[in-house]
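Please read the structure below before turning to the comments.
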Amino acid sequence: MQPANAYIGTPQNRVDGRAKVTGEAKYAAEFDAPDLAYGIVVSSAIAKGRIKSIDTSAALAVPGVLQVFTHENRSRTAWFDRNFRDETAPPGSPFRPLYDEGIVYGGQPVALVVAEEFELAAHAASLVRIEYETDAHMTDLDLRRSEAYVPPKKRSNVKPPPSPRGDAEGALAQAPVKVHAEYRVAIEHHNPMETHASTVIYEQDGTLTIHDKTQGAQNSQSYVSSVFGLSSSQVRVASPYIGGAFGSGPRPQYQLFLAVMAALELKRSVRVVLTRDQMFTFGYRPLTIQTISLGANPDGKLVSLMHDAIQTTSTFEDYQEVVVNWSNLLYHCDNVKLTYQLAQVDTYTPIDMRAPGAALGVTAIETAMDELAYAAGIDPVELRLRNYAETDEADKKTFTSKELRACYQLGAERFGWAKRNPEPRSMRDGRELVGWGMATGVWEAIMQKTAARAVLTRDGNLEITSATTDIGTGTYTILTQIAAETLGLPMEAVTTKIGDSSLPKSPVQGGSWTAASAGSAVQNACLSVREQLFKYARQMEESPLANASIEQVMFVDGRICLMNEPNVGVIFAEAMQAAGVERVEAEEKASPGMLTSMRHSGYSHSAVFVDVKVDEELGRVRVTRVVNAVAAGTILNPKTARSQILGGVVFGIGMALEEESMLDHNLGRFMNHNLAEYHVPVNADVYDIDVIFVSEHEQLLNPLGIKGLGEIGVVGTAAAIGNAVFHATGKRVREYPITVDKLLG
Amino acid sequence: MNRFSYLRATSIDEAVRAAAADPTSRFIAGGTNLIDLMKYNVERPERLIDITRLPLNRIEEADGGGLRIGALVTNDEAASDPRIRDRYPLLSSAILAGASPQLRNSATTGGNLLQRTRCYYFYDPGTPCNKREPGTGCPAAFGRNRIHAILGTSEHCIATHPSDMAVALAALEAVVHVAGPDGERAIPLSDFHRLPGDHPEIDTTLRHGEIITAVELPPTDYGRHYTYLKLRDRLSYAFALVSVAVALQMDGDTIADARLALGGVAHKPWRDPEGEAMLRGQPAAEDRFAAVASHILKDAKGYEDNAFKIDLAKRAIIRALSQAAAGTPQSQTDKRIQ
Ligand SMILES: Cc1cc2nc3c(=O)[nH]c(=O)nc-3n(C[C@H](O)[C@H](O)[C@H](O)COP(=O)(O)OP(=O)(O)OC[C@H]3O[C@@H](n4cnc5c(N)ncnc54)[C@H](O)[C@@H]3O)c2cc1C
Ligand code: SF4
């Protein structure tokens with residue numbers, strides 16, 4: 001029988017589910033204030049040049065308009081770039097809204113119109129007249145390819161490619177089986193349901209309470225403080241609920257800057273919400289041109305592995321992500337050469353998007369590996385097993401755990417892979433061609449220093465707090481589970497509060513590190529409370545636990561009792577009463593283990609199997625079945641975990657078949673900036689998705705063995721679909737998304 | 001969004017008079033297109049005339065055996081009406097291929113006909129566009145034109161009309177009834193939308209002040225051999241890259257009469273009488289369908305992103321004709337194409 005309060009590893013409903021479906025959960029743009037004013041952003045019509053003149057008189061003449069902020073009348077802000085840098089900023093000079101007359105990208109904010117009413121602000125914004133002087137812009141990566149460079153300054157937390165090993169070129173020349181191709185994935189925008197918004201409440205004492213749509217409340221807080229020269233006690237940022245972000249939310253966005261500036265200048269509360277089209281006026285998943293050369297022996301064993309990537313960045317920052325390293329991380333090879341370069345275009349800086357780097361790099365290597373499978377005449381799963389990397393060869397480390405083999409095996413079994421006819425175009429269902437494809441997924445298991453606080457009160461309630469956020473992943477729920485189980489309380493007795501800069505320190509939520517980091521911090525804080533409680537219990541007069549050690553007791557249902565004699569014990573409240581305390585509290589941190597990271601590499605893995613039906617004549621692809629087998633250490637909550645993988649797979653379907661932000665290079669502007677023309681999968685596009693969690697014993701990364709699940713679901717999915725399309729049609733599309741035109745042509 | 005005044009019309013007459021008096025006024029029905037365009041500052045009417053209370057929300061038998069669909073009948077009501085499903089299943093199918101259930105609940109028959117193009121540039125006042133601002137140019141022709149026209153374009157505009165419903169109405173030879181300051185008139189659907197020519201800012205032959213009162217479907221015998229085949233960038237909820245409405249009268253294996261209209265390829269639902277004539281009296285055979293398809297697309301002109309549509313349209317025509325001839329119309333819920 002499961003012991004009571006054993007929540008870790010069990011499927012649990014979201015603790016915030018009810019608040020979300022009843023509307024009780026409030027989002028950044030839903031907070032109100034008696035003196036709230038509304039700001040509307042005016043966006044640049046040109047991609048590069050300068051504002052020659054900006055005429056705000058007509059806008060200002062509209063009754064109810066409070067101010068039009070432009071570069072000409074903006075308030076003074078900090079001087080140095082470092083003041084504008086946030087915790088996730090890449091090297092360079094962060095973009096400063098309304099800084100001067102210069103235009104550095106299309107859609108750049110050029111004015112903020114603030115009025116008493118939202119509609120008035122929108123009306124007045126349409127009356128701002130701007131004359132520009134245009135300079136020639138360049139948004140076409142192909143035309144900038146020759147100017148690509150290795151970023152001189154590394155972005156923190158982003159590993160550059162390792163130095164070459166062996167002689168990749170020489171080995172390729174000798175290799176009997178070769179694959180050489182270029183792969184591309186179109187630019188994507190995150191398009192979370194909730195657009196970016198900041199409601200800045202100007203408190204009576206002049207301090208600011210900011211409801212910001214952000215993946216990092218403290219990151220936004222420190223940005224606002226340093227840019228506007230405020231002390232951190234003057235700024236509080238809250239972001240308890242986030243309507244999706246996918247990486248669009250770690251960096252403070254321009255609506256935050258503008259709303260704060262307006263609030264400080266006008267000395268009143270201001271809300272700025274970006275429109276859907278303005279969601280295409282900041283970061284995106286960069287366009288990446290990848291070239292892969294594989295050399296193998298007839299048995300499929302790799303003898304040469306080369307993977308190069310050129311990626312777009314802006315003219316002001318060197319965005320970086322890990323694109324090429326994954327190839328060697330997945331596959332053993334002695335002759336390896338990996339390169340990563342940037343090329344500047346006149347857009348905003350790219351920003352992280354779900355599985356940044358891996359979603360691109362793994363798509364390319366997993367498509368190339370499929371090509372190698374056909375070139376060598378070896379089953380794609382078998383090929384991967386023959387090249388299986390037993391260690392992290394680039395870093396010369398061992399893996400903390402790696403159950404990728406089991407992912408291949410269990411995924412293949414569930415899918416029925418053995419029944420696959422390897423011949424392309426060999427399987428049919430009526431008019432449609434059937435294709436079965438597979439690919440591997442991988443993502444790093446990261447931990448970041450995070451703090452959490454646990455406060456147990458005599459009434460038996462436990463409050464857990466940390467500044468970390470929940471972007472819809474289920475963080476509230478898993479933290480509640482960990483706390484309840486650690487302290488032996490029912491989940492209903494635990495309240496978890498997160499997403500507030502005033503709470504214990506946490507980095508932004510991202511990189512799939514939150515479950516491991518915040519989860520471990522919560523566990524540590526609860527363990528501390530446990531020890532104190534136990535001390536009080538033992539100190540009670542005639543305590544039945546007087547002679548017990550903490551190893552000999554368990555905490556269950558608000559009681560500490562002897563393991564071998566569960567009837568003997570002390571109720572928490574009694575112990576606290578005896579000690580004369582109302583509350584027992586502790587704040588603890590969790591950090592990545594230095595020793596572990598020196599010797600070991602931690603990654604989650606997956607194997608994705610896909611069944612597609614292709615109407616070849618009409619170029620229509622249906623992804624009718626997906627099996628995704630995931631090994632990611634301890635699965636804290638199979639229910640929310642499954643949702644993460646489902647969402648990731650749907651993201652992958654989008655990347656494989658639909659998503660593409662279309663740049664007009666003549667205008668230097670993204671054109672399909674709405675959800676009618678930027679296509680993400682709809683219900684009809686999503687058929688069966690079967691998620692398997694492969695058991696994986698993880699002991700080294702953190703005591704609970706958590707690896708994280710936010711990104712892994714998307715990684716590999718697009719390649720598996722592309723590989724299935726090849727199997728169905730015999731046509732290899734190397735530019736994702738695989739749209740009708742590419743299949744017909 | 002601009003400031004506007006609002007009038008809730010209580011009679012057709014009042015609506016028409018108010019509209020005629022103000023050249024910047026717009027009727028508003030479901031609002032699913034107009035409100036979006038106002039938010040984007042593409043439409044800036046100074047007066048909105050709300051017509052949703054007018055008695056134009058019925059589907060009635062027309063004299064002579066057809067059906068008359070009031071301009072305010074919602075897309076959902078039209079698609080689910082038993083008479084339409086029985087006698088004009090092509091129309092029902094085409095409507096169900098469009099938009100989403102939520103939108104179809106609001107969208108009206110009149111509004112659907114008058115919805116404007118989805119050209120990206122038209123929607124973005126930060127760019128030039130002849131349709132939005134005559135004389136500023138057509139960036140789509142040299143820019144992103146995946147969703148643009150391949151037939152009947154002009155150097156001034158290559159936009160498409162995005163409606164699915166209108167494509168079926170064109171095939172069914174519906175008639176648009178309008179009321180205006182000068183009285184009532186009836187416009188055959190094929191004359192209702194126009195090609196862009198020198199004046200892409202003008203979508204239709206409707207005059208300012210005229211209100212659509214109804215769409216009349218003439219009596220037909222196309223209830224069995226029909227299909228609406230829509231190809232798009234995802235399996236649902238996207239505008240057509242190419243769509244084909246086909247209605248056939250079969251005499252055994254021979255095509256007695258044929259109607260065919262294309263959507264997503266031109267500034268109006270595209271019909272080709274010569275192409276249809278090539279089917280009449282012919283056996284339903286794929287090579288004949290291919291010849292018809294080639295004929296219909298013979299003057300098609302592709303642009304950088306949309307040249308694929310020429311081939312796609314041909315294949316879609318062949319498939320749609322096969323479906324219609326076989327009496328196996330395309331399901332709008334099962335995404336497999338028969
Ligand atoms: C995201 C999205 C996806 C869509 N997908 C599709 C699709 O796949 N296929 C498709 O066919 N459509 C699609 N639509 C468009 C939708 O069908 C139209 O928006 C709708 O039919 C318009 O009807 P309405 O009543 O809301 O018109 P409104 O927005 O109220 O009006 C549109 C225009 O018609 C005028 N008007 C309305 N009624 C009358 C009248 N009786 N007389 C004279 N003028 C009138 C108005 O003045 C206005 O200019 C989509 C729309 C959206 C927003
Ligand atoms: S195609 Fe027509 S609507 Fe589009 S930009 Fe050109 S003129 Fe404007």
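Scope of the values below: all heavy atoms of this structure, side chains included, with no hydrogens, waters or symmetry mates. Chain letters run A, B, ... following the sequence lines, proteins first, then strands; residues in each count from 1.
When the options B:Leu231, B:Leu312, B:Val242 are evaluated for a side-chain contact (heavy atoms from CB on, under 4.5 Å) with A:Val740, the one that passes is B:Leu312.
Put simply, the side chain of B:Arg315 never gets that close to the backbone of A:Leu618: no donor and acceptor are under 3.5 Å apart. Side chain of B:Asp124 to main chain of A:Met671: no donor-acceptor pair is present (N/O by atom type, distance under 3.5 Å, no hydrogens or angles).
Atom CG of B:Asn41 sits about 9.5 Å away from atom NE2 of A:His123, to the nearest 0.5 Å. Taking CG of A:Asn674 as the start and OH of B:Tyr123 as the end, the distance is 8.0 Å to the nearest 0.5 Å. Rounded to the nearest 0.5 angstrom, B:Asp233 CG and A:Glu660 CD are separated by 9.0 Å.
Within a 6.0 Å sphere centred on CG of A:Asp142, other residues, nucleotides and ligands contribute more than 12 heavy atoms.
A salt bridge between A:Asp685 and B:Lys335 is absent, with no side-chain N of the basic residue lying under 4.0 Å from a carboxylate O of the acidic one. The existence of a salt bridge linking B:Arg336 and A:Asp429 is confirmed by a sub-4.0 Å separation between a basic side-chain nitrogen and an acidic carboxylate oxygen. The residues A:Asp741 and B:Lys309 are annotated as not salt-bridged, no charged nitrogen and carboxylate oxygen being separated by less than 4.0 angstrom.
Contact between A:Arg669 and B:Gly126 at its shortest, heavy atoms only, is NH2-CA, 3.7 Å. Between A:Leu667 and B:Pro139 the shortest heavy-atom distance is CD1-CB, 4.3 Å. Heavy atoms only, all atoms of each residue included: B:Arg144 and A:Leu663 are closest at NH1-O, 2.8 Å. Of all heavy-atom pairs spanning A:Arg431 and B:Ile337, the tightest one is CD-O, 3.8 Å. Nearest heavy atom pair, residue A:Val680 against residue B:Arg234, reads O-NH1, 2.6 Å. The two residues A:Leu120 and B:Arg3 have their closest heavy-atom pair at CD2-NH2, 3.3 Å.
Contact annotation for B:Ile318: neither backbone nor side-chain heavy atoms come within less than 4.5 Å of a heavy atom of chain A. Looking at B:Phe239, the atoms closer than 4.5 Å to chain A (heavy atoms on both sides) all sit in the side chain, from C-beta outward.
Within the 4.5 Å cutoff, side-chain heavy atoms of B:Leu235 are placed close to those of A:Arg620. Using a 4.5 Å heavy-atom cutoff, the side chains of B:Arg319 and A:Asp615 are in contact.
For chain A, the option among B:Tyr237, B:Tyr40, B:Tyr121 with the highest count of heavy-atom pairs below 4.5 Å is B:Tyr121. Interface summary for chain B: among A:Val62, A:Thr739, A:Leu127, the most heavy-atom pairs under 4.5 angstrom belong to A:Thr739. Options B:Arg44, B:Lys39, B:Arg146 differ in how many heavy-atom pairs under 4.5 Å they form with chain A, and the most are formed by B:Arg146.
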